[in-house]
Amino acid sequence: MEIELSNIYYRDKLVDISYKFSKWRVTSIIGNSGSGKSLIGYVIMGLVKDYEGEVIVDGSTCYDKYDFFKNISYVFQKPWDHFICKTVYDEIAFSLRNFKYKEEKIDKQVRDALKMVGLDDNYFTRELNTLSSGEASRVAIATAIATNPKVFILDEPTIYIDVDMRNMLIELIKKLKDKYNKNVIIMSDDMDFVYAVSDNYILLDKGRIIKSGEIDEIKRQSDVLSSCSIYVSKFYDFINFVNEYKGVNLEDASNIDDIVQGVIARE
Amino acid sequence: MNDMYEEAISSSIHKLNYAYKVLSIFLVFICIVLTDSNMDLFMVNFFIFIIMLLTDIKFRVYLKNISIFSVFFFFLFFCVSLVNLSLYEGVFFTVKVIDLIFYISIVAISSTYYHLAIGVRNFLFPFRYFINIDKVSLNLAYSIKFVDCLYDEYDRVHRVSEFRGVNFKKMGFIDRLTNFFNELGILVRFAIFSLNKQRDNVLVKKYGIDSFRYNYRLNKWGKTDTILLVINFIVIFITFVY
């Protein structure tokens, strides 16, 4: 499923947003707080109504909402906005029941989804309001995975999660893209996470798209990110520094070892 | 969900004394109980409408708060009409209840839980040796404020359940009929809004309490409170006399 935004305006929060989310790619929407990242997700999901412009799905503006929602999963920034049911099991099974899956399949999907986010079967009967922020975030992601949609929209997925879950989420997103050919849209200002998972990026500032393209482009442009008040990854900042002052080209470096080897080779 | 895009409003009604706000609910309730003619009903409605305008909040917000009780109103209308064997009685009683909820809605939207709790606490102060007035006042404040919260929660659950597979389009006859009236309601609301002089800011201002700039210790009884209290008593007098 391909989603395209065409000349979206929403009050003064989004100004002339046009972008086509490519198939089987992970696209990150980067921007500081209040730049309109979440709002783009709201527009796609129809959570805000009074916007101008068009959301085009598979080349058409007239698409069936029911089929659309069957093929897309949205995870809110605050996981509690997501929850409707009482227990973890019911919450994950909620969408599956609505999409009329058989009970045996629902059970399997729920177990698989929970396993993928690192929660065991003991969580089935846990009440949602007893979960910690990190656990709630995992359950929200599990609800998104369970329905096996074509597109995932994750709004600030790393905000409540711990390091283990963060690494797990990185692996999960990579697996979703590479193994299952899913389309993932991430709204985040966590640049280390964005660099780890993304193929493409959109840089937003005050509701406008400043830049967009392949993620490798923005890795070397710390000044652009700084001008939009976004935290610059120290790792890539250091690579840029070495490149600028020592003349060592470390474009392919992905970890500290690569940097050290590159510098030794230069010496 | 949309709250992050709303701007805070600080109208004269927002700044009223908290004790007056709570007292006024009681006074409006008396007015409504005393209402027994069309003239009375007009008077009470007019008073509530003026207060609504003074709040500087869109009429749409109040309608949303009322719409959540629509099934209850229908049930009430049906029961009262059946008991009195008169449609007029049914309409009359239902309008009175709608008025009461409108007024509670005004107070709830223009105050926080904390403000209302302070207001209730002022009245319960003499009983402080017998009951835990802080607990009771907070409890009552929540019960007043719930009118305002119901729609937000309904809206959240409705939207979330829609994109998690609940198909609101495939509906039965009754649902379709309800949906039709809802859509008709939207048109009526739109017509009302187009008359509103501040229509440019439709949806921008929903509600908001300027509590950051407003110290409750400075919330003394003021001239506006006295004027509104007098008007309240005049309305009670008129409803009593007619």
Side-chain angles (χ1 to χ4, degrees), chain A residues 10-14 33-39 41-51 64-85 90-101 106 140 143-144 146-149 151-153 155 207, chain B residues 1-9 58-61 63-64 67-68 142 149-172 175-176 179 182-183 185-194 196 198-208 212:
Chain A
Y10 180 74
R11 299 180 192 160
D12 57 344
K13 309 288 180 189
L14 291 179
S33 301
S35 60
K37 302 188 292 291
S38 302
L39 205 45
Y42 289 0
V43 167
I44 293 172
M45 297 305 291
L47 289 170
V48 288
K49 303 283 182 193
D50 52 336
Y51 63 87
D64 183 36
K65 273 279 169 74
Y66 185 69
D67 286 340
F68 176 68
F69 289 139
K70 205 171 180 177
N71 289 317
I72 194 163
S73 274
Y74 183 86
V75 179
F76 283 99
Q77 188 174 350
K78 287 180 269 181
W80 293 275
D81 283 346
H82 201 84
F83 297 153
I84 297 171
C85 303
D90 287 342
E91 184 61 35
I92 300 172
F94 182 81
S95 306
L96 299 165
R97 284 178 180 142
N98 289 325
F99 293 129
K100 298 189 174 50
Y101 283 69
I106 290 174
T143 58
T147 52
N148 194 20
V151 181
F152 289 90
I153 303 180
D155 192 356
Chain B
M1 263 171 232
N2 287 337
D3 291 0
M4 61 192 286
Y5 306 113
E6 311 298 344
E7 291 171 6
I9 302 168
K58 300 296 166 200
F59 196 59
R60 180 180 180 145
V61 177
L63 282 175
K64 275 181 177 175
S67 69
I68 203 92
Y142 267 74
C149 304
L150 270 177
Y151 185 82
D152 284 345
E153 186 60 10
Y154 154 77
D155 195 40
R156 182 187 75 81
V157 173
H158 176 265
R159 289 177 187 200
V160 170
S161 48
E162 192 177 33
F163 74 70
R164 291 183 64 194
V166 179
N167 192 356
F168 289 103
K169 294 284 177 197
K170 287 180 184 169
M171 294 179 289
D175 294 329
R176 279 176 195 279
N179 196 38
N182 278 342
E183 281 169 9
I186 290 165
L187 290 176
V188 172
R189 285 175 212 170
F190 180 75
I192 291 165
F193 270 112
S194 51
N196 197 321
Q198 291 170 329
R199 66 178 183 275
D200 297 334
N201 284 331
V202 170
L203 274 175
V204 174
K205 289 181 178 181
K206 186 183 173 192
Y207 55 79
F212 295 109

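Quantities reported herein were computed from a predicted structural model and do not represent experimental measurements. Chain A is the first sequence line, chain B the second, and so forth, proteins listed ahead of strands; every chain is numbered from 1.
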From CA spacing to verdict: side chain to side chain contact (heavy atoms under 4.5 Å, CB included), A:H82, B:R164
CA-CA 9 Å; A:H82 201 84; B:R164 291 183 64 194; 3.7 Å; yes
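When all heavy atoms of A:D81 and B:V160 are compared, the pair lying nearest together is O-CG2, 3.3 Å.
B:R156 CZ to A:L47 CG: the interatomic distance, rounded to the nearest 0.5 Å, is 12.0 Å.
Checked against salt bridge (Lys or Arg N to Asp or Glu O under 4.0 Å), A:D64 has no partners two or more places apart in sequence or in another chain. In this view, A:N98 satisfies the side chain to side chain donor-acceptor pair (under 3.5 Å) rule with no residue, not counting sequence neighbours.
Residue A:F68: no heavy atom, backbone or side chain, is found under 4.5 Å from chain B.
Interface remark: of the candidates A:S95, A:P149, A:S73, A:S95 forms the most heavy-atom pairs closer than 4.5 Å to chain B.
Between A:F76 and B:F163, the ring-plane angle classifies as tilted under the 30° and 60° cut-offs.
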